[in-house]
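Single-structure report; data block below.
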Amino acid sequence: MTEEKRAHRPDLVLAGVPIWKGFLDEAAQRALLGEVRQVVRAAPMFSPRTPGGKPLSVQMTSAGRYGWYSDRQGYRYLPHHPSGTPWPEIPPEALDIWRTLFPAARAPDCCLVNLYRDGARMGLHQDRDEADFSQPVLSISLGDAALFRIGGPERRGPTRSVWLESGDVLALTGPSRLAFHGIDRIRFGSSRLLAGGGRLNLTLRVVD
DNA sequence: AAGTCTCA
DNA sequence: CCTG
């Protein structure tokens with residue numbers, strides 16, 4: 001982690017979303033990546049489907065008390081990996097970032113891990129499967145750059161875009177907690193953090 | 001329903 | 001080709 005005072009002043013606020021560019025230096029990124037590999041070892045990535053049966057282009061897994069899941073039954077949080085094994089612990093390096101940026105928030109009980117390989121995207125959506133919208137959602141980017149799009153609390157409405165790079169952190173918090181957001185494009189191979197390319201995104205949140 | 005396609 |  002870089003200097004603590006940076007943590008309290010985002011480098012950029014886009015549509016109410018605070019963004020800390022380069023919050024994690026390369027050493028911190030590698031340390032966190034090592035912890036994420038442990039998570040994936042214990043809870044392998046899977047490919048969720050929309051309730052309509054269409055596969056998402058991202059692969060995902062989770063850590064913590066809950067993990068996000070979707071299939072024809074709908075979007076929800078599960079207390080176990082779909083294989084039945086428990087979700088592993090939330091990476092301590094990610095918890096540190098949460099505590100630094102949101103010392104007054106409740107402890108996160110889920111760390112969703114999304115893997116974007118070449119061509120993966122995430123359509124505009126809200127994070128609204130949690131019980132308490134007063135708690136932030138914290139996003140950490142690792143690996144290839146991604147074009148992030150952020151709008152307002154309603155699906156129709158203007159959006160802004162920003163490239164997120166490895167080590168960047170942002171938060172959906174306060175008035176932007178229910179903002180529609182998504183990933184339009186991955187600049188595949190733009191980072192050498194992940195062997196073979198791709199982007200990992202960690203999102204910490206309070207589920208219940 | 002977090003997808004995907006089309007068009008201007 | 002890119003953006004919305």
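Letters A, B, ... are given to chains in the order of the sequence lines, protein chains preceding strands, and every chain is numbered from 1.
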- Rounded distance (Å) that lies between atom C1' of dT4(B) and atom CZ of R155(A): 13 Å
- Message: What is the distance, to the nearest angstrom, from the CG atom on L172(A) to the P atom on dA2(B)?
- Response: 16 Å
- Separation of dA2(B) atom C1' from F46(A) atom CZ, nearest Å, is 13 Å
- Query: Are D168(A) and K21(A) ion-paired here, with the side-chain N under 4.0 Å from a carboxylate O?
  - Reply: yes
- Base, sugar-phosphate alone, or nothing: which one does P55(A) contact when heavy atoms must sit under 4.0 Å apart? sugar-phosphate
- Message: Testing the 3.5 Å rule here: is there a donor-acceptor pair between the side chains of N201(A) and S139(A)?
- Response: yes
- Between P of dG4(C) and CZ of R149(A), the distance in whole Å: 7 Å
- Query: Heavy atoms under 4.0 Å, any strand shown: does S70(A) hit a base, just sugar-phosphate, or nothing?
  - Reply: nothing
- Message: Checking base pairs now: Watson-Crick or wobble, both atom distances under 3.5 Å. What partners dC7(B)?
- Response: dG4(C)
- Message: Tell me whether D129(A) is salt-bridged to R76(A), with the criterion being a basic N under 4.0 Å from an acidic carboxylate O.
- Response: no
- Message: Rounding to an integer number of Å, can you tell me how far L56(A) CG sits from dT4(B) C1'?
- Response: 12 Å
- Task: Classify the nucleic acid contact of R185(A) as base, sugar-phosphate or nothing, counting any heavy atom under 4.0 Å across all strands shown.
- Result: sugar-phosphate
- Note on the structure: From NE2 of H125(A) across to P of dT4(B) the rounded distance in Å is 14 Å
- Task: Would you tell me whether S141(A) and R199(A) have side-chain atoms, one donor and one acceptor, within less than 3.5 Å of each other?
- Result: yes
- Query: In terms of side-chain heavy atoms of P51(A), which of dA1(B), dA2(B), dT3(C) is nearest?
  - Reply: dA1(B)
- Note on the structure: Of dG3(B), dT3(C), dA1(B), the nucleotide closest to the side chain of K54(A) is dG3(B)
- Message: Nearest whole Å is fine: how far is dT3(C) P from D184(A) CG?
- Response: 8 Å
- Kindly point out which of dA2(B), dT3(C), dT4(B) is positioned nearest to the side chain of R121(A)? dT4(B)
- Would you mind classifying the nucleic acid contact of R156(A) as base, sugar-phosphate or nothing, using non-hydrogen atoms under 4.0 angstrom? nothing
- R76(A) CZ to dA2(B) P: how many Å, rounded? 15 Å
- Think R72(A) has a side-chain N or O under 4.0 angstrom from the OP1 or OP2 of dA1(B)? no
- Got a salt bridge between R187(A) and E165(A), using NZ or NE/NH1/NH2 to carboxylate O under 4.0 Å? no
- Pick base, sugar-phosphate or nothing for D71(A), based on heavy-atom distances below 4.0 Å to the nucleic acid. nothing
